[in-house]
Structure formats: structure tokens, C-alpha cells
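For reference, the structure discussed in these notes is given below.
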Amino acid sequence: MSAWAEARIRAGKRISLVPTMGFFHEGHLCLMRRAAQTADLVVVSLFVNPIQFGPGEDLDRYPRDMERDAGLAWKEGVAVLFAPAREAMYPELPQTRVTVAGLSEGLCGLTRPGHFDGVCTVVAKLFNIVKPATAVFGSKDYQQLAVIRKMTADLNWNIDIVAHPIVRDHNGLAMSSRNSYLSAEERRSALALVKAIDVARAMTGRGINDADRLLAELEIIIKMHDNVEIEYLTIVDSRNLQVQKNVDNQSLLAMAIRVGGTRLIDNAMLFEEAGEFQC
Ligand code: PAF
């Protein structure tokens, strides 16, 4: 992969990287299309990164379908689908971890200790191997995007981090490979996230800006759905992920819930127009 990338860069080409864990859905394909707009060649990495999963998480059952993924990437005109074996990425137990303090600590960082270190470490390796000029990440993992932007700036990589809006299905559910774990009934419950975003936007549209009052209402609405447990439900400043007491035009509603055994996340800027993103 490195040799391929170096030869292309010497020939004056710019590479865009789309890091993924595979099991592609429309959201991934949108990232690939966006990547193609930002560079000459698109490299998609497919690697289910063991060091970003905690004990008891879904590393072993994470959905995989390499052949289907390869076909989809091919159709999108991707130059390389880089799918290294685990032993190739981690020939030995890595003793180095990339930690972005601060931004990694709240939200998902609270319940997934070490998760962002695992993400940053593998993304740092991918940046060094693929040497992209741009890298495209989805905004569903908003915290991941913020953490990777900070890592890229702090470590002086000359890589343009491109954020892609959340891609939702016709019901508004954010696309995720983990949606494949949901039964039909659980899918209905997962729409609690969509409902919460709609209600939060409606309330802020009516001038309610007290975060606690908004969150209390959203909690009731989410809990009306079967089989749902809230892991976090919060309003943060989208620039620094600090919890807010009063909403303003930087406010981001961020949520993680469990539906049955499946952990789902979603987020939305409170003052943005609702609506599906089509790519
Ligand atoms: O968002 C993901 O799929 C993963 O966290 C990433 C960025 C590919 C790193 O393993």
C-alpha cells in the first residue's frame, strides 16, 4: 500500500482516504463519492480495528462481507480497497498509543475507555501508510471527527479532514453497520433517536433554550420506546464538546442509547434544518 501511494504521489496525484471497518452501506458509499471530489485517487481502508473495542464489545461479531464490500467499492471507482490482515497492522502488540486528551474524555469516552486511543492509533497508522491529502469521515461519530481533527492538527499532518453529513434512511435512522444487528421491532425503537432530534429542534424553535428542560423532555420521549436504555443524552458546544446549560447556534445534541444489545449513537446541530442528506 505504501509503495503504491508513494509512486502515485511522485506522479503528482493526490490521494483521498476513507477509513472504514467495512460492511458498507449507503453512508460509506457517500463518503467514497465525497472523497472522489477532493482528490485524484480514492483509497478505502477496511479494517476492523481490535484495539478500539473494549472487553465485552462486539469485535468478534462485527458484521463482515468483504466480497460484497469489494464489489461496491469497485462500482464507486475506488482505486484501492486496502484491507490489511490483523497481523499486518499489528505484527506485535503495539506499545504506542495516540491519545487526544480532553476531547476524548466525555460522551463515548466515558463508557468506552481507551476507544479513542484505539481509533487515533489506527488512523495515525493509516495516515502514515496511505499518505492522503484528504481523509473523509462521517459525522455520525461526531466526537471521533473532532478527535481526529485535533490529532491531525497537533501532529502536523498536512491532511484536509473532510466531514460528511450523516446519511439517514427514509425513516431518519442514521446509517450504521451496527443497524444490521437490529430486529424489526428494535429498528422501530431505534427511531427514538430521530424523534428526540425532531422534538429538540421543535422546542428550540419555540425559543426554549434551557438545556436541562430540553433534555428532561427528550428523556421522557426516548423512554417511551421499548427496550431502550439511555447511555448519554446531552447538549454540548460543537466546537469543544463541553456541556452547555443554554443552547445557542453551536449546540449539538449528542446521544448514545442501547436498543436490546445494540449500542447506537446519533447527533444533530439544534439549529440546523432537519432532513435527509442525499449524496
Ligand atoms: O469510524 C470507523 O469506522 C472507525 O472508527 C475508523 C475511523 C475506521 C477507525 O477504525
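One-based numbering, in listed order, for ligands and for the atoms of each.
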How many angstroms lie between [atom1] in [X] and [atom2] in [Y], if you round to the nearest 0.5 Å?
X      : Y      : atom1 : atom2 : result
Ile222 : Glu229 : CD1   : CD    : 12.5 Å
Asn267 : Leu145 : CG    : CG    : 9.5 Å
Ile9   : Asp40  : CD1   : CG    : 10.5 Å
Ser176 : Arg168 : OG    : CZ    : 12.0 Å

Nearest heavy-atom neighbours spanning Thr38 and Arg14: O-NH1, 2.9 Å
Heavy-atom nearest neighbour of atom 1 (O) of ligand 1 within options Lys125, Gln52, His28, Gln144: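 Nearest option to atom 1 (O) of ligand 1, by heavy atoms: Gln144.
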Side chain, backbone, both or neither: Thr20 near ligand 1, heavy atoms under 4.0 Å: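 Thr20 to ligand 1: backbone contact only, side chain stays beyond 4.0 Å.
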Ligand-side contact atoms (ligand 1) for residue partner Pro19, heavy atom cut-off under 4.0 Å: 8 (C)
Residue Val122 vicinity, atoms of ligand 1 by number, heavy atom under 4.0 Å: 9 (C), 10 (O)
Distance from atom 3 (O) of ligand 1 to nearest protein heavy atom, with residue and atom: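 Answer, as residue, atom name and distance: Met21 CG, 3.5 Å.
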